[in-house]
Amino acid sequence: MSADDKKEIEKLRQEIRQHDILYYVEDRPKISDREYDRLMQKLIDWEKEHPGEIPADSPTQRVGGKVSERFAAIAHKTAMLSLDNTYNLDEFRDFHSRVVKGLNKGEPEESQVAENEIEYVVELKIDGLGVNLTYENGLFVQGATRGDGVTGEDITANLRTIRSIPLNVPTAKEDFNFFEVRGEVYLDRKAFLKINQERKAEGLAEFANPRNAAAGTLRLLDPAITAKRPLDIFVYSVGFMDRMPFKTHFEAMQKLKSLGFRVNPENFLCRNFEETFQLIESWREKKETLPYEMDGLVVKVNDLGYQKKLASTARHPRWAVAYKYEAEQVVTEVEDIICQVGRTGSITPVALLRPVLVSGSTVSRATLHNEDEIKRKDVRVGDTVVIEKAGEVIPKVVRVANEAGKSRGQPFKMPENCPECETELFRPEGEVAWRCVNWACPAQMKERLLHFASRKAMDIDHLGPAVLDQLVDGGKVRHFSDLYILKMEDLVGLERLAEKSAQNLIDSIEKSKSAGLTRLLHALGIRHVGQRAGSILAQNFHSIDKLQKASFEDLEQVNEIGPIMAESLRAFFDQEVNQQEIDHLREQGVVLVEESKETGNRLEGKQFVLTGTLKDFSRDQAKEKILSLGGRVTSSVSTKTDYVVAGADPGSKRDKALKLGVEILDEEKFKALLAG
Ligand code: IVH
């Protein structure tokens, strides 16, 4: 071949490479598929005429590899670490604190990094397979799986079939001769469904998820089959580089992008912790709209100098962390199954567990919900189980995960009698829970009293379960009103209650007498009557006497009080024990009235959503203020929402409000609205 021919053919190859980048990486083709095929055919014909001279980086050589028997092992130049996980704001804040601490360790005062000055890059954690791509003099020479992080497998031939992996990056030579790029190979949802449809038609086992399908495809021994499946890649970091000309991770990613690598367009540089967390929250719902699956986010310290200083543990970098939206799951053992009696007498089976750490706290019990659930999951004492906990939620048993062949105990049977008072249990038709119908059941009594004393109800400090147990078991307290006749001598001598705390408890009980009707109605624990209903009833009836006299119809006429609540209120006030109890409370000086608030129902009919942290109110306080002015508080933003009150770190609810055009109040505006 003449020198001119050689030049010409190389020009054609370069032209096709550019079209590959436009089509596979940037998703903006400049020519039609037909034109592209024509160029490719021209190259194929040309190369056929000169068989000895086809370079490995020619666009025709993507499916060049032979079928192999197995993959060779490859030791990674630098370990491919995995990431530590976080599941909520607290855990993520802990990560940030460790970063700040790590960076400031041993630094003099003047060069300390301020907490709100650390930049983070937030990236999608693509759910696929990590790979390492090695380039020498601009040529793609080797591709490996992550393997165990130290040693992977040589899957170069299969990776070459991925059109968005450049086989030659000529311009890179100007900056570095040898470099590694790391990324995640994946299949999008559509491709996954299609592969499974085909497998089903052929009578083959379907892949459980896109990640497994991608893994299976990457490890096929015949690259010609791999080439038929639309694997793709997002690159997410630089591995080894013989010269490192970048100061930040974000800069390095932009360079890779300009070299023709496929970098995820959703990667985002955040200036500080607040921005980072806001961005994280905004992905919670958005993630479903992606054409591929993501397994949370990855947050990385942007400054490469900082990354170096923070370094890594044996397994994880200290400068990066994954953020996952789903609940964390761990495995443990069921030591016993007990039944707990709730405040309304409902029986909840609870698994007592070998204690394990989940989402940052030690868990030793998890709910099994009810009889049907426990039967469905067939959980037995001695079983190995998967449990999960999401944020504040009570931990739950997800499923049994016994090793094959493990011998098991007997299937669980619901008790026939109340574990506390022996009363025969009863399961009302259409309900899932068994109930103890004995109003005087000590377990129910304790739960009712705990609820009565809780912060959102009568707010009695120092009356925890340990003290209550002793008071109920010792026969000193059976009814709410009994609390108000307690004297110091009833309390001294109780375990875990010092004299000072006893006095505090007495003071706290005294103070609760003037909590007001709204709180009292909530505290009484009438079925279906919560904080909001308590407030509505107090605003409408002003005294418990009037409320007690209200008929079902009177009650039902009140805005927002439906027939179920009306019936429940009537049932409560019709019981003689309850009437007596109210009389006793009155005798003890508990306030049973509520003046009509001067401010009236200024926020009547207004719906609020609270998000973020307010400086001068807790969530509960803000909620109470709104309720007391006739407004209501809901948890999610919709077109019905009138105001979103956004404190610090407001999260996705604020974004949604912006989208729906709902008015957003900062703390100052919120205060102004409350003040009228
Ligand atoms: S950074 C040391 N960035 O998640 C830094 N990893 O558990 C570790 N992954 O094996 C990798 N998307 O295969 C990083 N944007 C991303 C990622 C990502 C997916 C995978 C990767 C890694 C695993 C870490």
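Counting starts at 1 for both ligands and their atoms, in listed order.
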### Query
Under 6.0 Å between ring centres, would you say that holds for Tyr292 and Phe192?
no
### Task
Determine which pairs satisfy salt bridge (charged side-chain N to carboxylate O under 4.0 Å, His left out) with at least one residue from residues 225-238, sequence neighbours left out, and list them in order.
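Those involving residues 225-238 are Asp232-Arg262.
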### Message
Residue by residue, ordered by chain and number, which ones reach under 4.0 Å of ligand 1 with a heavy atom?
### Response
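Contacting ligand 1 under 4.0 Å are Leu81, Ser82, Leu83, Glu123, Leu124, Lys125, Ile126, Gly130, Arg146, Glu184, Tyr236, Val298, Lys300, Pro317.
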### Task
Could you tell me how the ring of Phe92 sits relative to the ring of Phe273: parallel (under 30°), tilted (30 to 60°) or perpendicular (over 60°)?
parallel
What pairs of donor and acceptor atoms, side-chain ones from residues 205-213 against any protein atom, are under 3.5 angstrom apart with sequence neighbours left out?
residue: Asn209; atom: OD1; partner: Arg211; partner atom: N; Å: 3.3
residue: Asn209; atom: OD1; partner: Asn212; partner atom: N; Å: 2.7
residue: Arg211; atom: NH1; partner: Gly128; partner atom: O; Å: 2.5

### Task
Identify, with sequence neighbours excluded, every residue that meets side chain to side chain contact (heavy atoms under 4.5 Å, CB included) alongside Ser635.
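Side chain to side chain contact (heavy atoms under 4.5 Å, CB included) list for Ser635, sorted by chain: empty.
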### Message
I want to check a possible cation-pi pair here: Lys286 against Trp283, using under 6.0 Å from ring centre and within 45° of the ring axis as the test.
### Response
yes
